[in-house]
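Just so we're on the same page: letters track the sequence lines, and every chain starts at 1.
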There are 2 protein chains.
Amino acid sequence: MTERKREILAASQNVLKEKGYAATSVRDIAKALSMEPASLYSHFKSKEDILKITCFDMADKLELGIAEVNDIYFNAEEKLRIAINLHVKVLTQNLNSAMIFIRDWRNLTGKSLDQFILKRNAYEAGFREIVQTGINEGIFNETDKKFAALTILSSVNWIVEWYKEDGSLSSEQIATKLSDFILSGLKKDTV
Amino acid sequence: MTERKREILAASQNVLKEKGYAATSVRDIAKALSMEPASLYSHFKSKEDILKITCFDMADKLELGIAEVNDIYFNAEEKLRIAINLHVKVLTQNLNSAMIFIRDWRNLTGKSLDQFILKRNAYEAGFREIVQTGINEGIFNETDKKFAALTILSSVNWIVEWYKEDGSLSSEQIATKLSDFILSGLKKDTV
DNA sequence: ATATTTGCCTAACGAACGTTAGTTTATAAG
DNA sequence: CTTATAAACTAACGTTCGTTAGGCAAATAT
């Protein structure tokens with residue numbers, strides 16, 4: 001990916017995050033770049049191409065995080081904290097992409113959509129696995145694994161709706177707070 | 001609202017929830033109703049009208065719930081449980097509308113959008129108030145109120161993404177599980 | 001110096017969009 | 001039997017959509 005392509009991609013994402021993929025036209029994107037709509041096609045082969053690259057880039061970044069966690073041995077609580085921390089970091093450091101990734105992936109079509117759903121399911125399974133580890137270790141409450149994983153991801157994903165880069169909380173602080181919140185819901189009372 | 005209008009509205013929502021508001025055309029909706037696109041305009045004055053009615057209906061239903069909770073006296077834990085229960089119930093019993101309400105409200109324009117945001121903020125403030133009550137009563141941990149309210153709403157709202165009417169969990173069970181999860185994150189350890 | 005590539009342009013295509021105007025048909029009321 | 005109303009229709013409007021074709025100028029490579 002050339003420098004220029006990356007530049008155009010970033011600008012596109014900045015427009016797409018505002019109104020959403022479907023409500024944003026190629027002409028909107030071109031306008032933000034002060035160029036003609038047709039010129040975008042020197043860099044991307046379609047509008048959906050931009051969405052596809054954005055969604056899969058994010059998916060790859062998140063995947064990398066969870067792989068890292070499962071590679072080295074930690075106990076479940078550490079694993080979950082690290083996974084949440086990485087997830088929050090990826091989202092907050094790529095806020096535009098994250099909003100598109102979370103909100104607009106449904107607009108993918110055909111094979112791209114199928115492949116995306118596979119990746120998404122695999123990632124969720126990774127979280128379920130961590131929860132399962134915690135149950136096995138006897139430190140998490142017996143709980144509906146699928147339910148717990150979904151609830152974790154939902155609270156974590158929602159931050160893209162309210163996180164502001166200039167806000168009072170750093171990505172690190174948010175991750176810690178969220179981890180505390182979630183872990184207190186999972187951990188057995190050890191007093 | 002006539003019987004027929006309600007019927008068309010429900011069918012419209014069933015189409016809109018699939019692809020989202022912006023990606024769904026008036027012709028898509030008409031097709032699902034086996035009628036001509038123009039015929040829809042005998043009932044609704046615009047496409048956005050359908051979105052507006054959907055979003056504000058949901059907002060009203062939720063508002064009603066939180067008013068109910070604050071009217072009668074409960075302690076904070078009870079209040080939060082009831083509020084979450086009502087919220088989950090409204091979402092799961094109006095699943096199509098709920099998805100549109102949560103995902104597509106940004107496509108509102110002008111005064112409708114402004115008014116919607118006001119309602120939304122007021123509702124969030126209601127949750128913050130409950131959290132504050134809990135802190136005052138000394139049963140919730142001192143915590144970032146805004147953060148807690150947002151996290152609560154995020155985990156609750158996300159259920160529209162995975163809730164299936166024929167699933168193993170009833171709306172009541174989901175509400176209870178979510179409440180347990182959230183309250184264990186808020187409550188002080190009472191040994 | 002010449003050839004190639006890159007990045008953008010102008011112009012326009014056909015398709016799909018939301019919406020309007022005017023009309024017909026079915027149902028019910030006077 | 002006539003009239004009023006509701007709900008659908010046909011036809012088309014102007015606009016916007018994503019995209020393609022083809023060309024031109026500047027930068028880069030040979």
Given atom CE of M35(A) and atom P of dT19(D), what is their separation to the nearest angstrom?
16 Å
Take the protein atom CG of L40(A) and the nucleotide atom C1' of dT10(C), then report the distance between them rounded to whole Å.
15 Å
Between CD of E3(A) and P of dC8(C) the distance, given in whole Å, is 13 Å
For nucleotides 24-28 of chain C, print each protein N/O atom paired with a nucleotide N/O atom at under 3.5 Å, atom names and distance only.
none

Tell me if a side-chain donor or acceptor on K19(B) pairs with a main-chain N or O of S25(B) at a distance below 3.5 Å.
no
Taking the six-membered ring of F116(B), is NZ or CZ of K52(B) closer than 6.0 Å to its centre and within 45° of its axis?
no
Hey, are the side chains of I84(A) and L80(A) touching, using non-hydrogen atoms and a 4.5 Å cut-off?
yes
Option among K79(B), R81(B), E129(B) that satisfies the side chain to side chain contact (heavy atoms under 4.5 Å, CB included) test with V69(B):
K79(B)
Give the rounded distance in Å between these two atoms: CD1 of I29(A) and P of dT16(D).
17 Å
Tested for side-chain hydrogen bond (donor to acceptor under 3.5 Å, both in side chains) against Q13(A), the lone hit among N94(A), T54(A), N96(A) is T54(A)
Would you find more than 12 non-hydrogen atoms of other residues, nucleotides or ligands less than 6.0 Å from K5(B) atom NZ?
yes
A side-chain contact here means heavy atoms from C-beta on lying under 4.5 Å apart; do R103(B) and Y21(B) qualify?
no
Specify the separation, in whole Å, of atom NZ of K45(B) and atom C1' of dT20(C).
15 Å
For the pair made of CD in E36(B) and P in dG22(C), what is the distance, rounded to whole Å?
19 Å
Polar atom pairs between nucleotides 12-18 of chain C and protein, under 3.5 Å, N or O only, would you list them?
{"from": "dC17(C)", "atom 1": "OP1", "to": "S25(B)", "atom 2": "OG", "distance (Å)": "3.3"}
{"from": "dG18(C)", "atom 1": "OP1", "to": "K47(B)", "atom 2": "NZ", "distance (Å)": "3.0"}
{"from": "dG18(C)", "atom 1": "OP2", "to": "V26(B)", "atom 2": "N", "distance (Å)": "2.8"}
{"from": "dG18(C)", "atom 1": "N7", "to": "R27(B)", "atom 2": "NH1", "distance (Å)": "2.9"}
{"from": "dG18(C)", "atom 1": "O6", "to": "R27(B)", "atom 2": "NH2", "distance (Å)": "3.0"}

Whole-Å distance separating the NZ atom of K5(B) from the P atom of dT5(D)
19 Å
For A76(B), does its backbone N or O pair with a side-chain atom of E137(B) as donor and acceptor, under 3.5 Å?
yes
So, does H43(A) get its side chain near the phosphate of dT6(C), meaning an N or O under 4.0 Å from OP1 or OP2?
no
When you check the phosphate oxygens OP1 and OP2 of dC9(C), does a side-chain N or O of S39(A) lie under 4.0 Å from one of them?
yes
Expressed as a whole number of angstroms, how long is the span from L33(B):CG to dC9(D):P?
10 Å
L91(A) vs N157(A) side-chain heavy atoms within contact, under 4.5 Å
yes
Kindly point out which of dA8(D), dC8(C), dA21(C) is positioned nearest to the side chain of R4(A)?
dC8(C)
Distance criterion of 3.5 Å, no angle test: do you see the side chain of S42(B) paired donor-to-acceptor with the base of dA8(D)?
yes
